[in-house]
Amino acid sequence: MLDVRFPAGPPVPVDDLLDQVTAGGRLSVGDERIRDFLTAFGRRLLRPTLSRRHPELGSLGFFLRRSELLRTIEGLRGEHVRVPRGLVFHIPPANVDTIFVYSWALSALMGNRNVVRLSPRAGTVAATIVETLQETLDDADPIVAATQRIVCYDRSESITATLSTACDLRVIWGGDRTVDEVRKHPLPPYARDLAFPDRSSFAAVRATAWLCAPRATRQTVTEGFVNDSYWFDQAACSSPRTVFWVGSRDDCDAARADFTTHLSRTVTERGWAVDAAMAVEKRVSTYGLAADGSAGAIDFHGNALANVTLATAVAAPRRWLGTGTFAHARLDSLTELVPLVGRRDQTLTHFGFPRAELLELAQALAGRGVDRMVPFGDALSFHRVWDGVDLAAEFTRLVTVSA
């Protein structure tokens, strides 16, 4: 049985759920009824009572503005006719509560019927989202409730297999292991997977730009870095784990010291805290880097911030080391990143580099890694192009019409 979270209802067998969604009605790409619902939902998320308590919901509400939805639709216009893919089955991660909404909203906007599997381990933010969706449903066109489902079930091979057999597109978030496990369940011959496996991200700062920046700018940039890193306990794929300092050794040492002062103060002022268990895990992880020769020095600033000086830039860790743990390395130039980047590297957050230099880096990487380059503070800002994939386009099919 499936626990139906949206629209609210009693548990149902998976076959009954599929019958309901399949018979729910027909939507088109950019369907106005879905647009109205998403816009109203986004406005509710932007209410101060929600956005102040959960800033990530404010970002989600901003993404769902009517103008942004229209921009997404307009960006898909071309010589072919776009139609929905059909039934889309979403399997989001449990540790990033908002990601399922971005995926589902874009798919619904493209006219698809959707089934989203919400993990029983999802947090309070996910529960708040579902409650807000339910509130918004009161004034929505009935087709929204008829074609969209958010369900909750614990690990179940049979349910996942049944939903996989019925879908036209399966969207898998949550890491390599999840992708491998879900792919054991076959899809119909005409269906396909859209998978988002394990990724890691890093930051780069030009030391002289940091040292020359006004104090107010440095504070604003630091606050953006804190948002990038601490909102999801640094476990989001786009949260930076290593900071590369670019410039001379003296400049990099001075810039890093000043950055650490700002970072420590901001974390304290924001009230970000790390419990004892996480503090112990951070020490185990960082001392492990020292034991294997990757770390040259470790510096703790309370439980919430730990800095690791890498022995070499090549030693940059990809695995999560614990909330508020950052590795640091120095480079002479931004292009020294090229041999260090791998396919798992997703987002480069940056400060102090002109667009031309970033474009040069993107060309030099030639697809070997890094799908996003964004300023500090934008690491968690979702865009329809994610991991190098245009999600809105993936959620549609193209029909060629010749007269």
Side-chain angles (χ1 to χ4, degrees), residues 2 5-6 56-57 59-60 63-64 85 87-110 112-127 129-130 133 148-157 159-161 163-164 166-185 187 191-201 228 231-239 241 318-320 343-347 369-372 379-395:
L2 292 171
R5 297 292 179 89
F6 174 82
E56 61 269 42
L57 295 186
S59 298
L60 178 55
F63 177 81
L64 294 173
R85 278 200 174 270
L87 177 63
V88 181
F89 176 30
H90 305 256
I91 306 174
N95 64 337
V96 183
D97 283 342
T98 56
I99 197 69
F100 78 91
V101 186
Y102 291 103
S103 177
W104 161 75
L106 284 172
S107 179
L109 183 64
M110 295 300 105
N112 294 298
R113 291 167 282 119
N114 292 276
V115 175
V116 181
R117 185 259 178 173
L118 198 60
S119 169
R121 296 183 291 112
T124 56
V125 173
I129 289 171
V130 173
L133 282 169
Q148 312 299 317
R149 293 288 188 280
I150 297 175
V151 301
C152 183
Y153 66 90
D154 212 341
R155 296 183 183 275
S156 170
E157 298 292 320
I159 293 176
T160 300
L163 291 171
S164 296
C167 73
D168 298 281
L169 178 67
R170 185 170 59 188
V171 186
I172 313 169
W173 304 79
D176 295 355
R177 182 177 177 181
T178 299
V179 172
D180 290 341
E181 288 180 353
V182 173
R183 279 179 169 167
K184 294 176 183 177
H185 304 292
L187 293 169
R192 58 173 296 187
D193 274 329
L194 184 57
F196 297 91
D198 287 329
R199 306 298 300 273
S200 63
S201 298
D228 291 343
W231 266 7
F232 296 109
D233 294 332
Q234 208 179 347
C237 59
S238 54
S239 294
R241 297 174 184 174
R318 264 58 179 187
R319 63 187 177 90
W320 182 70
R343 193 64 195 91
R344 287 177 178 267
D345 294 320
Q346 186 213 60
T347 298
V370 179
D371 298 312
R372 304 171 67 229
L380 302 177
S381 298
F382 198 86
H383 189 272
R384 58 177 263 198
V385 178
W386 194 258
D387 278 12
V389 175
D390 188 333
L391 286 170
E394 292 291 331
F395 288 136

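The first residue of the sequence shown is numbered 1, and numbering continues consecutively from there.
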(request) Using a strict 4.0 Å threshold on nitrogen-to-oxygen distance, state whether Glu394 and Arg192 make a salt bridge. (result) yes
(request) Check the angle between the aromatic planes of Trp173 and Phe196 and answer parallel, tilted or perpendicular using the 30° and 60° thresholds. (result) parallel
(message) I'd like to check the side-chain contact (heavy atoms from CB on, under 4.5 Å) partners of Ser381; sequence neighbours left out, ordered by chain and number.
(response) Asp378
(message) With rounding to the nearest 0.5 angstrom, report the OG to CG distance, Ser201 to Asp371.
(response) 9.0 Å
(request) Mind checking side chain to side chain donor-acceptor pair (under 3.5 Å) for Arg149 and listing every partner two or more places apart, or none if nothing turns up? (result) Gln20
(request) Could you grab the distance from atom CG of Leu380 to atom CG of Leu60, nearest 0.5 Å is fine? (result) 12.5 Å
(request) Indicate the atoms forming the closest heavy-atom contact of Glu56 with Val125, along with that distance. (result) OE2-CG2, 3.5 Å
(request) Calculate, to the nearest 0.5 Å, the distance between atoms CG and CG belonging to Leu187 and Asp193 respectively. (result) 4.5 Å
(message) Please find the pair of heavy atoms, one from Gly175 and one from Asp198, that lie closest to each other, and give the distance.
(response) CA-OD1, 2.9 Å
(message) Tell me whether Asp97 is salt-bridged to Arg121, with the criterion being a basic N under 4.0 Å from an acidic carboxylate O.
(response) no
(message) Could you measure the distance from the OG1 atom of Thr178 to the CD1 atom of Ile172? Nearest 0.5 Å is fine.
(response) 8.5 Å
(request) Name all residues meeting the side chain to side chain donor-acceptor pair (under 3.5 Å) criterion together with Asp228; count only those two or more places apart in sequence or in a different chain, and write none if there are none. (result) none
(request) Evaluate the side chain to side chain contact (heavy atoms under 4.5 Å, CB included) criterion for residues Ile99 and Phe232: first the C-alpha distance (whole Å), next the side-chain angles of each, then the deciding distance (0.1 Å), finally the verdict. (result) CA-CA 11 Å; Ile99 197 69; Phe232 296 109; over 6 Å; no
(request) State the CD1-CG distance between Ile150 and Leu133, to the nearest 0.5 angstrom. (result) 5.0 Å
(request) Take the angle between the ring planes of Phe395 and His90 and call it parallel below 30°, perpendicular above 60°, tilted in between. (result) tilted
(request) Taking all heavy atoms of Leu64 and all of Ala105, pick out the closest pair and write down the distance. (result) CD2-CB, 3.9 Å
(request) Could you tell me which residues satisfy side-chain contact (heavy atoms from CB on, under 4.5 Å) with Ala392, sequence neighbours excluded, listed by chain and number? (result) Thr72, Leu76, Met110, Arg384, Asp390
(request) Compare every heavy atom of Tyr153 with every heavy atom of Thr160, then report the nearest pair and how far apart it is. (result) OG1-OH, 2.9 Å
(message) Donor-acceptor pair, distance only, cut-off 3.5 Å: does the side chain of Arg199 make one with the backbone of Ser238?
(response) no
(message) Taking side-chain contact (heavy atoms from CB on, under 4.5 Å) as the definition, give me every residue that meets it alongside Pro197, ordered by chain and number, with sequence neighbours left out.
(response) Asp176, Val179
(request) Starting at CG of Leu391, measure out to OH of Tyr102 and round the result to the nearest 0.5 Å. (result) 12.5 Å
(request) State whether the side chain of Arg372 and the backbone N or O of Ala379 hold a donor-acceptor pair below 3.5 Å, judged by distance alone. (result) yes
(message) Does Arg117 qualify as a cation-pi partner of Phe89, given the criterion of NZ or CZ under 6.0 Å from the six-membered ring centre and within 45 degrees of its axis?
(response) no
(request) Compare every heavy atom of Ala191 with every heavy atom of Cys167, then report the nearest pair and how far apart it is. (result) O-CB, 3.5 Å
(message) Please check: side-chain N/O of Trp104 versus main-chain N/O of Gln148, any donor-acceptor pairing under 3.5 Å?
(response) no
(message) Taking side-chain contact (heavy atoms from CB on, under 4.5 Å) as the definition, give me every residue that meets it alongside Arg318, ordered by chain and number, with sequence neighbours left out.
(response) Ser200, Ala316, Asp345
(request) Indicate the atoms forming the closest heavy-atom contact of Pro93 with Gly174, along with that distance. (result) CB-CA, 3.9 Å
